[in-house]
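The model shown is predicted, which means the values in this text are computed figures rather than measured ones. In what follows, residues are counted from 1 in the order of the sequence shown.
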Amino acid sequence: MSSTKNQTRYFILMIIAMLFWGIAWTAGKVAAEHSNAQVAAFWRYGVSFIAIIPLVWYFKTPFKSDVKGYGYMFLAGVLTSLFNYLFFAGLSHGDAGYGGTIVTSLSPIITYVLSISFLGTKISSRQVTALFIGGLGALILLRIPFDGFGFLDVQSLYFLGCAFVWAIVTVISQKAAKRADLMFYTFVVFGITAFINMLFALPYAPFDFGAYDAVFWVTIIFVGVIPGTFSTALYFVSAGKVGAHRTGVFMFIVPIGAIASSWVVYDEVVALSTVVGCMLAFAAVVLFTMKRVSNYKAL
């Protein structure tokens, strides 16, 4: 009974973490509107890096890895800095609800394809079907059946870039997880990301605090502390309790937070194609992970 209650608690924590990640898309758009992509990208991870230090201390995180582990961390930091810039640049041009939905929906599908192509991951016929459904969902999300290659506009290209980059970061994280504590990995990646984004933000005077209004600072601190650090910590702790094979499904709660918050703040209207594409991608992830769940039960 206590085990079931504990798992339920972690399910709830995971849902909260995913909702905050969704809200981060709308908050990120607000921050980008009150600054620019370069400055917002730097301070988002700068705040997260500072905020994660107490958590690293609280969890008594071991600061150790090997050469390959540090290599993975550096590469993940470089790619996360690219994702971070694309995130704010995309939000500067496009809708938060659309961005949160397309990136969250496409990234797991792309991750599976990369794992199969480059990591030699073996898949069953059920998982092939899942990838087909996911691909169909991606086509609908990008509105290719309706608009052809009209999706190749600025906002879609930024968000599509986010999905590809985050998929690569996810694969790297899977490799790094075997060589370092996940909290230590996150701490290092946050630091590298903040430093790289700072280099590109320097021409825009990111340390001139008076140059940016209160709305920017309140929003960027929220994004850095709550979705950035708090939700990341909840994600890692809860993922260890509910099972890593289930975390992909929880990612599809993110669009709910993104769509709801963007509707409240910007009165954004969500296209039917976005909802349908997201549902197909969700079905694909559930179908793809179903085999792994049965394997775990068999053990």
Any donor-acceptor pair under 3.5 Å linking the side chain of [X] with the backbone of [Y]?
X: S107; Y: T104; value: no
X: T129; Y: S125; value: yes
X: S81; Y: T193; value: no
X: D95; Y: G97; value: no

Could you report the tightest heavy-atom contact between [X] and [Y], atom names first, then the distance?
X: S105; Y: L141; value: CB-CD1, 3.4 Å
X: G28; Y: F87; value: CA-CE2, 4.2 Å
X: T101; Y: C278; value: CG2-CB, 3.8 Å
X: I140; Y: G277; value: CG2-N, 3.9 Å
X: A31; Y: I220; value: CB-CD1, 3.9 Å
X: G100; Y: P255; value: O-CG, 4.3 Å

Please state whether the rings of [X] and [Y] are parallel, tilted or perpendicular, taking 30° and 60° as the class boundaries.
X: F184; Y: Y70; answer: perpendicular
X: F216; Y: Y212; answer: tilted
X: F20; Y: F230; answer: perpendicular
X: W25; Y: F159; answer: perpendicular

As an exercise, state the distance from [atom1] of [X] to [atom2] of [Y], rounded to the nearest 0.5 Å.
X: K29; Y: E268; atom1: NZ; atom2: CD; value: 6.5 Å
X: I109; Y: L114; atom1: CD1; atom2: CG; value: 11.5 Å
X: F83; Y: C162; atom1: CZ; atom2: SG; value: 4.5 Å
X: I23; Y: S262; atom1: CD1; atom2: OG; value: 11.0 Å
X: F88; Y: S35; atom1: CZ; atom2: OG; value: 7.5 Å
X: L106; Y: L160; atom1: CG; atom2: CG; value: 6.5 Å

Would a 4.5 Å heavy-atom cut-off, applied to side chains only, mark [X] and [Y] as touching?
X: L55; Y: F187; value: no
X: F207; Y: L202; value: yes
X: S65; Y: M73; value: yes
X: V189; Y: Y72; value: no
X: I110; Y: W166; value: no
X: F190; Y: Y185; value: no

Verify the cluster assignment for [X] and [Y]: are they in a single hydrophobic cluster under the rule of side-chain heavy atoms below 4.5 Å apart?
X: L19; Y: V264; result: no
X: W21; Y: V265; result: no
X: V103; Y: V30; result: no
X: F63; Y: I53; result: yes
X: I12; Y: M14; result: yes

State, without any angle test, whether T274 and Y98 hold a side-chain donor-acceptor pair at a distance under 3.5 Å. no
How about F74: does its CZ atom have over 12 heavy atoms from other parts shown lying under 6.0 Å from it? no
W263 atom CH2: more than 12 heavy-atom contacts under 6.0 Å: no
Please name all residues satisfying side chain to side chain donor-acceptor pair (under 3.5 Å) with [X], sequence neighbours left out, ordered by chain then number.
X: T26; value: S261
X: Q38; value: none
X: T229; value: none
X: N84; value: N197

Start with the C-alpha gap between L131 and I116, add the side-chain angles, then the distance that decides, and say whether side-chain contact (heavy atoms from CB on, under 4.5 Å) holds. CA-CA 11 Å; L131 288 176; I116 295 166; 3.4 Å; yes
With salt bridge (Lys or Arg N to Asp or Glu O under 4.0 Å) as the rule and sequence neighbours excluded, what pairs involving residues 66-90 come up? D66-R179
Identify each donor-acceptor pair in which a side-chain atom of residues 40-52 lies under 3.5 Å from a protein atom, sequence neighbours left out, and give them as a table.
unit_1: W43; atom_1: NE1; unit_2: P206; atom_2: O; d: 2.9
unit_1: R44; atom_1: NH1; unit_2: S48; atom_2: OG; d: 2.8
unit_1: S48; atom_1: OG; unit_2: R44; atom_2: O; d: 3.0
unit_1: S48; atom_1: OG; unit_2: G224; atom_2: O; d: 2.8

